[in-house]
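Right, one structure below, let's go through it.
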Amino acid sequence: MHLFDRLAALGRFGLFTTRVIRRLITPPWEIEEISRQVWLLCSRCALPVLATTTPLGMVMALQGLVIFSIFEAEQYLSPLISVATFRELSPVLASVLVAAQGGSSFAAELGAMRIHEEIDATEVMAIDPIRIHVVPRLAAILLACPLLNLLGSLGGIGGGFVSAVWIKGHPGTLYWSELWSMTGGMDLIGGQIKALVFGAIIGLVATYEGFFASGGAPGVGRAVNRTVVTSATTFIVVNYFLTSALFGVPH
Amino acid sequence: MSPDRTSVSRTLVPDPVAIRIEELRKSFGDLVVLDGVSLDILQGKTTAILGPSGCGKSVLLKHIVGLLRPDSGHVWIDGIDMAIATPEEKLQVRKRFGMLFQHGALFEDLTAGENIAFPLRYHTRLTAAQRRARAQEVLELVEMPELHDRPTSALSGGQRKRVALARAIVLEPQVVLFDEPNSGLDPMTSTTIDDLILRMKERLGITFVVITHDIVQAVRISDWVGMLWQGRLVAYAPLPVFLHSEHPIVRRFLSRTL
Amino acid sequence: MSLLPGLARFGRFLGQIVWSTVSNPLPVGRALEEAHRIGVNSLPILLVVSVFVGTNLSVQGASAFSTIHAERYVGMFVALAGVREMAPIMVASMVAAKAGTEMASQIAVMRIQEQIDALEVMAIDPYWFLITPRLLGILLVLPALTMISIFTLVVSAYGVAITQLGLDGHTFLEQATATTHAMDLVYCAVKAFVFGLVICVLSCYHGFTSGAGASGVGRATNAAVVMAAVSCAILNYLLSELLFG
């Protein structure tokens, strides 16, 4: 019975996803609503993203200096930070924060709309609730995630600089001159692909949980909880496969 | 379902039927909510469905607009069976319907006026200014002309109901459904809502279906009254007949207020 | 929200928790219950996440070190990056996502349904009744979860290193154990302790100050997880600087 329930939920999620994607790729689009959501998402998430990637960049510099001082290879510090930030740190962390902030607010908003019967009311007004409530949010997160990822990368590299150069006395010119020595275009593109995939996961999970919330105010709380947990867990798993696929394993 | 009910509705009343419900059944898990409900809702009349909390009134209403799919039975509206209607058919029916939800179901992030103009944006070719004007017009109809730019979160319970009512009638529907229009309102505000319904009925000639547990309201506004009890329609008759019904459940319900 | 009154309110909230905790009998039984619940609820996702963070670290480490032909240091890299940094912060984020949001939404629901007021009317200190057991519970269980996660992470990193990457398993383990001192594990436990404190206090604070209705509960839950994640990331740097710097 338990397993059956889960399979049923998975099926429902698949159905929901196809319904959403069919409307995402066909006009009419709610351009005004999409741009409003992009702006909301960016303004809500920018600070949290910066506030987590920066300290993580700082930590990386701190621990990186420990490693590289053993080899007396400190020139590799900024390349390491840059590669790690673009490939891993920023896409994953920015997405965790987008899930925590943006995804959970999607789930909370849609959940409250479901509980207050606003979604039913939309349907009774002969208006497609998925097209006007769900699709704009998904489109917005797909547009905002790469932007926020870029911001997160800047935060990570800046944080590394602050910690290594200002606090630990690593030479600043060396930090900047070596920064791009190992980072290729593939690292930037790969990072953005990751951000896009994670954004899609967050958007679909969050809108699904919110759209089908039930059970009053506690139900909205549960929807938010499940959104954050499910999307974060999913993309940490997906991240491993994306890393192997995009950046390969050198032999 | 009492056997004499069908004969009453079929023989005495010549009015055309707006909504025909046949043997509607619905369960949630083990809980049987609707256990074979049949009734004809007549065009241009106000029909009240009475019943205690939890008797399946709201579920019945949601079947009428196709938000829920019955386990068996039919809901006929203009030759469309809402029980098995395609999404397109449902849209076709809903465009002629208005519904007032129990708690209003207003969009919290819009103003009162924007809420009312919302269906206009998707179903008419009116410009923004025209939509605004129309919303104001309807707000005046529900006697709340000053609320146009008020955010929804700043509305009181009674104001919410009226704004939601305005939204329900903005497209000039042929049928308006009310889910507990008086719940959570004080007696005075309830009376004004009743008056509003009566006045709109005179002016617009709409078919009203009112789900309520408030017998006073049912008596004040309705032409026909049905009594839903444990998932069954135990009585359904024109108001004067209903008030003299000998059915024990109806008598119990009436004795509370009369 | 203006900053200063908000901070003042938060300060009063903190003071109230401390006062309520020390001036009432310790709710030992309920604290253990909370610890058990948080642990059991968070463990499955933590294991999944630890496995994949570990494997990912190995792959990234090998890829980074191959450019300077030092693949044999992957073990050290996993120990430094994984044990000291990734495991504590990752456990904290996942517990914030799982248990923190749960605390925030439960307490927010109690707030909007006036259950907290009801507690007060019944002369039961709501801070002591609602927050103290959760706080003690998370403080008990988070260091343990962190240790489990470290173990899982290193094992999965090792697995990937010897299979997918074809590295020498012996060197990997030697490197990893040589880099990780017993003190490192103690420091990780300290980090976990601090993160637990932050997650619990912030989540309960947002629950206690929830706005009305379903949307209020949603917003409170949302704010709790974001504030917890951001605070943990910033504190993580300060703690690393303090403990390992």
Side-chain angles (χ1 to χ4, degrees), chain A residues 1 4-5 8 12 15-16 18-20 22-23 26-34 36-37 39-41 44 105-106 108-137 140 210-217 219-220, chain B residues 28-29 58-59 61-68 82 85 87-110 114-124 128 152-153 160 163-165 167-171 173 175-180 183 209:
Chain A
M1 187 61 198
F4 183 76
D5 280 350
R12 211 160 53 135
L15 212 64
F16 177 77
T18 50
R19 280 166 75 193
V20 173
R22 210 172 49 221
R23 288 164 178 81
T26 53
W29 292 293
E30 302 285 319
I31 305 292
E32 208 179 306
E33 175 70 1
I34 293 175
R36 193 179 72 92
Q37 292 285 354
W39 168 244
L40 259 180
L41 207 55
R44 275 178 185 165
S105 69
F106 284 176
E109 288 160 4
L110 287 174
M113 293 179 87
R114 169 63 77 191
I115 304 303
H116 295 145
E117 297 185 305
E118 289 169 36
I119 290 177
D120 283 347
T122 311
E123 218 170 317
V124 171
M125 287 186 266
I127 299 165
D128 182 351
I130 292 190
R131 190 177 289 285
I132 69 159
H133 300 316
V134 174
V135 170
R137 288 182 164 82
F211 199 78
F212 292 108
S214 64
V220 177
Chain B
F28 295 104
S58 295
V59 172
L61 209 55
K62 289 192 172 176
H63 277 98
I64 295 179
V65 288
L67 285 175
L68 289 173
M82 289 302 272
E88 290 72 33
E89 289 172 330
K90 280 186 185 171
L91 285 187
Q92 203 186 319
V93 169
R94 285 170 181 167
K95 279 181 190 167
R96 298 184 297 101
F97 270 51
M99 179 161 169
L100 175 62
F101 282 80
Q102 192 169 354
H103 303 287
L106 296 173
F107 298 111
E108 295 285 330
D109 52 348
L110 303 180
E114 286 167 344
N115 258 295
I116 298 169
F118 194 82
L120 297 173
R121 205 172 121 201
Y122 290 93
H123 294 318
T124 67
T152 301
S153 48
R160 267 166 197 269
V163 171
L165 179 57
R167 186 176 71 179
I169 60 171
V170 72
L171 284 174
V175 180
V176 179
L177 311 171
F178 295 85
D179 191 356
E180 299 276 7
S183 76
V209 181

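Naming convention: chains lettered A, B, ... in sequence-line order (proteins, then strands); numbering from 1 in each chain.
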- Side chain, backbone, both or neither: which part of A:M125 has a heavy atom under 4.5 Å from chain B? both

- Message: So for B:E108, is it side chain, backbone, both, or neither that comes closer than 4.5 Å to the heavy atoms of chain A?
- Response: both

- Residues forming a side-chain contact (heavy atoms from CB on, under 4.5 Å) with B:L91, sequence neighbours excluded: A:A126

- Task: Report yes if some heavy atom in the side chain of B:M99 is under 4.5 Å from a heavy atom in the side chain of B:L61; otherwise report no.
- Result: yes

- Honestly, the part of B:K62 sitting under 4.5 Å from a heavy atom of chain A is side chain

- Query: Is it the backbone or the side chain of B:R96 that comes under 4.5 Å from a heavy atom of chain A, or both, or neither?
  - Reply: neither

- Query: Most heavy-atom pairs under 4.5 angstrom with chain B, which of A:E118, A:E117, A:H116?
  - Reply: A:E118

- Query: Between A:E109, A:E30, A:M113, which residue shows the highest count of heavy-atom pairs closer than 4.5 Å to chain B?
  - Reply: A:E30

- Message: To check you understand the geometry: which heavy-atom pair defines the closest contact between B:T152 and B:F107, and what is its length?
- Response: OG1-O, 3.2 Å

- Parallel under 30°, tilted from 30 to 60°, perpendicular over 60°: which one fits the rings of A:F211 and A:F16? tilted

- Applying side-chain contact (heavy atoms from CB on, under 4.5 Å) to A:I115 and not counting sequence neighbours gives A:V220, C:A214

- Heavy-atom proximity to chain A below 4.5 Å, by part of B:L106: backbone

- Do the numbers put A:R131 on top of the ring of B:Y122, so that NZ or CZ is under 6.0 Å from the six-membered ring centre and no more than 45° off the axis? no

